[in-house]
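All remarks here apply to the structure that follows.
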Amino acid sequence: MIDLRSDTVTKPTAEMRKAMAEAEVGDDVYLEDPTVNRLQDRVAEMFGREAALFVPSGTMGNQIAVKIHTEPGQEVITEERGHIYNYEMAAMAAISGVLARPVPGEDGILRWEQIEAAIRPKVYYRAQTGLISLENTHNMAGGSVYTKEQMDDICERAHGLGIPVHLDGARIFNAVTVLDIPVSRLTERCDSIMFCLSKGLCAPVGSLLVGSRGFIEKARAVRKLLGGGMRQAGVLAAAGLVALEKMTARLREDHENARLLAEKLSELPGLVVDPKKVRTNILIVDLAEGWDAPTLAARLKERDVLIGWVHPRQVRLVTHHDVSRNDCLRAIEIFRSVMYQ
Ligand code: TLP
C-alpha cells in the first residue's frame with residue numbers, strides 16, 4: 001500500500017521503538033516521569049519558552065488552549081478551513097462554551113484586515129472576541145505557510161487590542177523547514193503553541209502545548225479535567241524525543257515528494273492543482289467535471305494507493321517518511337492508469 005491519506009499514518013522508527021523499550025518512567029500525574037519531564041524541558045528550550053506540556057493529541061492541545069484563553073460566550077476567530085473549527089467535534093462549543101468565527105483567507109492565510117473586520121465591537125451586548133487561532137502550516141489549504149512577518153503582524157495588532165493568539169502548529173516543523181528559521185523565532189509572538197509529534201515526525205502518539213509557566217500550569221489542570229492525565233507516559237515521550245531530535249531535518253524530502261506529485265498530477269486533465277503553491281507535504285487537488293472523489297479514492301485503493309477526500313470534488317494527498325520518491329512515482333502512474341485507461 002502507498003498510503004497518502006495523512007502523515008498521521010507514519011509508524012515509529014526502529015530507533016523510537018528502542019528508546020520506548022528502554023525509557024525510564026514514573027507517574028506523570030505526580031510529575032514523576034523523568035522522560036516526560038525531559039521532553040517537556042527540551043521543547044520549552046527549543047521554543048525559547050518557560051514551559052511545555054505533553055498531551056495525548058493535537059485536538060486536546062488546541063482545546064485546552066481555547067479553554068484557558070476564553071470565557072464562555074466569547075468567539076474564536078479562525079480561518080474557515082481551520083482544523084480547530086472543522087475537525088475537532090465542535091469541541092470549543094462543547095468544552096469551552098465559545099463559538100468559532102470562521103474567516104476565509106487566501107490559501108488559508110489570514111491578513112490582519114480580515115481578522116480586524118471580524119473582531120466584535122467592545123459593547124456589552126455583543127459576544128466578545130476571546131481568541132485568534134492561526135494554523136501553520138494550514139492543513140486543508142494545502143499545507144500553506146505563514147511567514148514570521150505575517151504571524152508577528154497579526155500577534156502584535158491582536159495584543160494591541162488585548163486579544164491572545166494561539167497557534168495550531170501541528171506541522172510547525174514543516175513551516176520551519178520552508179522558512180529556514182528557528183522554531184523559537186517563528187513562534188515567538190504567539191501566546192500559546194500546540195505542535196504534534198505524531199504527524200510527519202513519526203512518533204506514535206502525542207503533541208505538546210508550549211507557553212508561559214502560568215499558562216502551562218493551568219493547562220496541566222485542564223488536561224486532567226479532560227481525562228488526559230497520563231501515568232507512565234515516558235514510553236511515549238521517549239519516542240517523542242527521538243522525533244524532535246532526529247526527524248525534523250528530513251521533512252524537506254517530504255516537501256520534494258509532494259512537489260513531484262503536484263507537478264506530475266497537474267499534467268492529468270482531470271486534476272487541478274498548482275504545483276507552485278505546494279510548499280510543504282500536503283496537496284489539495286480539485287477534480288474536474290465528471291470525477292467524484294469517493295469513486296476515485298475507491299478505484300485507487302483497488303490498486304493499492306490510499307488517498308483522502310475532503311469534498312465530493314476534492315482529494316488530499318500527504319507525503320511522509322513511509323512514502324518514498326519511488327512510491328510517489330508509482331502512485332502517479334496508478335493515477336494515470338485508473339483515470340485514463
Ligand atoms: N489532522 C488530521 C485529521 O484530523 C484531519 C490529518 O490527517 O491531517 N491541527 C491540525 C492542523 C491537524 O492537521 C490535526 C490532525 C490536528 C490539529 C489534531 O491532531 P490529533 O489528530 O492529534 O488530534
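Indexing begins at 1, ligand by ligand and atom by atom, following the structure's order. The structure displayed is predicted, hence computed values, not measured ones.
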- request: Heavy-atom contacts with Ser57 under 4.0 Å: which atoms of ligand 1 show up? List them by number with element.
  value: 22 (O), 23 (O)

query: Taking atom types as modelled and ignoring hydrogens, do the side chains of Arg303 and Ser337 form a donor-acceptor contact shorter than 3.5 angstrom?
result: yes

message: Taking the side chain as everything from C-beta on, heavy atoms only, tell me whether Asn136 gets closer than 4.5 Å to Val145.
response: yes

statement: Judged by heavy atoms only, the candidate from Arg81, Glu88, Lys199, Arg316 nearest atom 6 (C) of ligand 1 is Arg316

Region of Ala170 that comes within reach of ligand 1 [heavy atoms, distance under 4.0 Å]: side chain

- prompt: Going by heavy atoms, is Met60 under 4.0 Å from ligand 1?
  reply: no

message: Regarding Gln128 and Glu75, do their side chains bring together a donor and an acceptor under 3.5 Å, going by distance alone?
response: no

message: Quick check: Asn139 and ligand 1, any N/O pair under 3.5 Å apart?
response: yes

message: I need the nearest protein heavy-atom contact for atom 11 (C) of ligand 1: residue, atom name and distance, please.
response: Glu135 OE2, 3.3 Å

task: Give the intermediate values and the outcome of side chain to side chain contact (heavy atoms under 4.5 Å, CB included) for residues Tyr87 and Thr59.
output: CA-CA 9 Å; Tyr87 295 92; Thr59 301; over 6 Å; no

- prompt: Could a heavy atom of His138 be found less than 4.0 Å from some atom of ligand 1?
  reply: no

field: Within-cut-off N or O pair, Tyr87 and ligand 1, under 3.5 Å
entry: no

- request: Determine whether any heavy atom of Arg171 lies closer than 4.0 Å to an atom of ligand 1.
  value: yes

query: Is the shortest heavy-atom distance from the side chain of Ile95 to the side chain of Leu226 under 4.5 Å?
result: yes

Thr280 and His255: side chain donor to acceptor below 3.5 Å: no

- request: Using distance alone, with no hydrogens and no angle criterion, decide if Ser324 and Asp327 have a side-chain donor and acceptor under 3.5 Å apart.
  value: yes

query: Do Val103 and Glu79 have side-chain heavy atoms sitting under 4.5 Å apart?
result: no

task: For atom 7 (O) of ligand 1, find the nearest protein heavy atom and state the residue, atom name and distance (0.1 Å precision).
output: Ser6 OG, 2.7 Å

- request: Ignoring hydrogens and angles, state whether a donor on the side chain of Asp191 or His69 is under 3.5 Å from an acceptor on the partner side chain.
  value: no

- request: Identify which of Met140, Met194, His83 has a heavy atom lying nearest to atom 18 (C) of ligand 1.
  value: His83

- prompt: Taking non-hydrogen atoms only, is Asp168 closer than 4.0 angstrom to ligand 1 via side chain, backbone, both or neither?
  reply: side chain

message: How far is atom 23 (O) of ligand 1 from the closest protein heavy atom, and which atom is that?
response: Thr59 OG1, 2.6 Å

message: Could you identify the single nearest non-hydrogen protein atom to atom 20 (P) of ligand 1 and state the distance to 0.1 Å?
response: Gly58 N, 3.5 Å

